[in-house]
Protein chains: 2
Amino acid sequence: MAIKNAFYAQSGGVTAVINASAAGVIQTARKYPDQIGKVYAGRNGIIGALKEELIDTSLESDESIEALIHTPGGAFGSCRHKLKNISENAREYERLIEVFRAHDIGYFFYNGGGDSQDTAYKVSQMAERMGYPITCIGVPKTVDNDLPFTDCCPGFGSVGKYIATSTLEASLDIKSMCDTSTKVFILEVMGRHAGWIAAAGGLAGEQEGDAPHIILFPEVPFNREKFLERVDESVKNHGYCVVVASEGAQYEDGRFLAESGAKDAFGHTQLGGVAPALANMVKQALGHKYHWAVADYLQRSARHLASATDVEQAYAVGQAAVEMALAGKQALMPVIVREQSSPYRWRIGEANLSEVANQEKKMPIHFITDDGYGITKDCREYLQPLISGESFPPFDNGLPRVARLKNQLTEKKLKTEFSL
Amino acid sequence: MAIKNAFYAQSGGVTAVINASAAGVIQTARKYPDQIGKVYAGRNGIIGALKEELIDTSLESDESIEALIHTPGGAFGSCRHKLKNISENAREYERLIEVFRAHDIGYFFYNGGGDSQDTAYKVSQMAERMGYPITCIGVPKTVDNDLPFTDCCPGFGSVGKYIATSTLEASLDIKSMCDTSTKVFILEVMGRHAGWIAAAGGLAGEQEGDAPHIILFPEVPFNREKFLERVDESVKNHGYCVVVASEGAQYEDGRFLAESGAKDAFGHTQLGGVAPALANMVKQALGHKYHWAVADYLQRSARHLASATDVEQAYAVGQAAVEMALAGKQALMPVIVREQSSPYRWRIGEANLSEVANQEKKMPIHFITDDGYGITKDCREYLQPLISGESFPPFDNGLPRVARLKNQLTEKKLKTEFSL
């Protein structure tokens, strides 16, 4: 078997553990020098391949690659660039193959969500059509936990742990002071289409009356009156009310809560304003003193509080991707298979990229309580292992130590520039 | 020396480590059973004393008290209730003394900020006037780091560590994706009158070009044009711009940025909207894609990321308060004295409550760079040790373990109810 180089790229929104997947890919590839030559990483994801901006990871020390395991963000750069269908934009796929050919790349590892798995699949098709042999393996990643076939998505467990912990901690704060101060606290979390992250906030409450008292899911149409009634009830019964609100929370007609709030204030529709919109409702209708927080990027970059389970799984899918490629497999994505919940046992399985592409996994309806504001026992059982275990990074001078890569580009070989 | 009971109360905004001070008080008191009988804690702070709602901490196990060291929030409840001057409201002070007398309380430990130190001082004066012997010792606490005489305030170091870490982590996220996605990220932090917390965000940047690129302090008048220019410059030079904005950031004429923003949107003036207000400016003037986060209570309750230095100091001031009381001292507050910065050495000193009361310590002007947007080397040297060291709580099932107290009230002895 001839030695071929590999290409690895990060795609879409980054996570606290996507670099652990990168480490899984690179460290595993380094174990097979007779099969895999260099691992090139795309500078800013797939755009790096299109522009022939290939980071030569062989110039990074073993220590630097190891440090990726505890470094959040995307160490090689990621991008939001979705390749169109081959019929609409064959040119981009052809360019990819040209670049791969020029750099003798025989393995393509694409680390991302649904769109990226779709791209990886299309690259495998185009390569076949163009007669260029390349193994395409997807590496799953998404904080939204919305990929099909896999029990969970690397990246999600750590966000879940962060949101559950933050909900618990902030709740103790509000509870301390609710008699004379803030009575309602609203934490806005990510999840535009699926309520997985908001659901994880529910793990903070273990006993009757514990926060969070209300979870707002995108899956459950928002009803203003019912919501306010529940807030008031919680303040009456427990002295305070903690709300975990998904950024994707929406009215029955599909309007986002954030949208309406943000439009009033700033004349635009970017999401990210559910918390102030809800706070406004509470203030106007009930008059309770409130506070709100928007976790935004803090939640998906909080490597300092990553779930050990998540870190392990993120690494494992990177490692498995390389092993699958070396075993001659094609157009697959390693997935997490849950063998049992308690005690938690999981293993790596396989899914076909052709089936993964562009499917979204929503919360099962039996994970949400009948009133629409909480999580069920089944949901807890599902979520619990995913946030389990701690994987603290090393700290220097009070701050997490992060990888500082050289990120040196390899020399271009093609004569043509490519414009996106 | 006769055995006397002690009264301990938490006051004002709680912190990630105020319960460590409580543990310092209670554990130290338990070492001197021949001098200190029971430690009563005020239910919801000083209000508990006024209402004669005294939590009997002797009913809590040693394990529970030890667990306070890693439990955020105020375990006995805190409150925002400032006692007026004795001349205006002698009745409240008299009531306190009555309650203390009824429960044979000879020691008063008041854990709070400037207002609370003022109250502790006034109680000592009133007791003397009423001929009731009670030792009054303040225990410093404030995330705002604004107490005089002490080098730093317990509570601040942990917020600082949280904000510096969050800034670092989120910056890696933005940096990964700025080429095709978010270019400007704004993190709003606490600090209404002093920029200490925002300054701590500055520790995230170590090398030229590192985030944060702009810090907005309450101490430096906000200039819209200069700010936008700097944002654009940072995007041009580094590809992205990270802003850490104090909630107290204000225009030259004293208007809060948050105020104007919040008024537009919701018709009220509560602070907490600096980040969306700034995001709006960036969008309108520059058109860059942005994201913003508001850390709010998450920052002051984040015990999972507490600074070990802060936890130690919070405990130490609680312990020192009891030791000072037993040494016959009166109307003092233990303070942190910095002996040297590197390597960091500190010890406990003393300040007179009469002098502490109602003074606010602002950032020294030489801690802010000449352009008004960064921190100086002196500032770094001051802040660095305060965020140093980790003190992770134990975790169960993926979540921090917290103290679950009984918080049982002792029987009332007074016939009269007191209405606030």
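By convention in this document, chain letters (A, B, ...) are assigned in the order of the sequence lines, proteins followed by strands, and residues within each chain are numbered from 1.
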Q: Decide salt bridge (Lys or Arg N to Asp or Glu O under 4.0 Å) for Arg80(B) and Asp179(A); before the verdict, give the C-alpha distance in whole Å, the side-chain angles of both, and the deciding distance to 0.1 Å.
A: CA-CA 9 Å; Arg80(B) 294 210 180 277; Asp179(A) 212 47; over 6 Å; no
Q: Could you pull out the closest heavy-atom pair between Pro400(B) and Thr165(A), with the gap in Å?
A: CG-CG2, 3.5 Å
Going from [atom1] on [X] to [atom2] on [Y], what distance comes out if it is rounded to the nearest 0.5 angstrom?
X         : Y         : atom1 : atom2 : value
Ser301(B) : Leu172(A) : OG    : CG    : 8.0 Å
Ser166(B) : Asp296(A) : OG    : CG    : 12.0 Å
Asp173(B) : Leu298(A) : CG    : CG    : 9.5 Å

May I ask you to decide if [Y]'s main-chain N or O and [X]'s side chain share a donor-acceptor pair within less than 3.5 Å?
X         : Y         : answer
Lys161(B) : Leu399(A) : no
Ser176(A) : Gly74(B)  : yes
Glu169(B) : Arg303(A) : yes
Gln384(A) : Asn397(B) : yes

**Q.** Choice from Ser307(B), Gly73(B), Ala295(B) maximising heavy atom contacts with chain A below 4.5 Å
**A.**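 Result: the option with the highest number of such pairs is Gly73(B).
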Using heavy-atom distances under 4.5 Å, tell me whether [X] contacts chain A through its side chain, its backbone, both, or neither.
X         : result
Ala308(B) : neither
Phe185(B) : side chain
Thr309(B) : neither
His81(B)  : neither
Ser181(B) : side chain
Ile47(B)  : side chain

Q: Would you please say whether a donor-acceptor pair under 3.5 Å links the side chains of Tyr297(B) and Thr182(A)?
A: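 Yes, because at least one side-chain N or O of Tyr297(B) sits under 3.5 Å from a partner of the opposite role on Thr182(A).
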Q. Between Tyr162(B) and His304(A), how do the two ring planes meet: parallel, tilted or perpendicular, split at 30° and 60°?
A. perpendicular
Q. Is there a side-chain contact (heavy atoms from CB on, under 4.5 Å) between Thr180(B) and Leu420(A) once you walk through the steps?
A. CA-CA 11 Å; Thr180(B) 56; Leu420(A) 295 168; 5.9 Å; no
Of the backbone (N, CA, C, O) and the side chain (C-beta and beyond), which part of [X] lies under 4.5 Å from a heavy atom of chain B, both, or neither?
X         : result
Leu386(A) : neither
Leu168(A) : side chain
Ala279(A) : neither
Arg380(A) : neither

Q: Tell me, with the steps shown, if Leu305(B) and Phe392(A) meet side-chain contact (heavy atoms from CB on, under 4.5 Å).
A: CA-CA 10 Å; Leu305(B) 190 59; Phe392(A) 300 117; over 6 Å; no
Q.
If we define contacts as heavy-atom pairs under 4.5 Å, which of Gly12(A), Ser171(A), Ser78(A), Ala170(A) has the most with chain B?
A. Ser78(A)
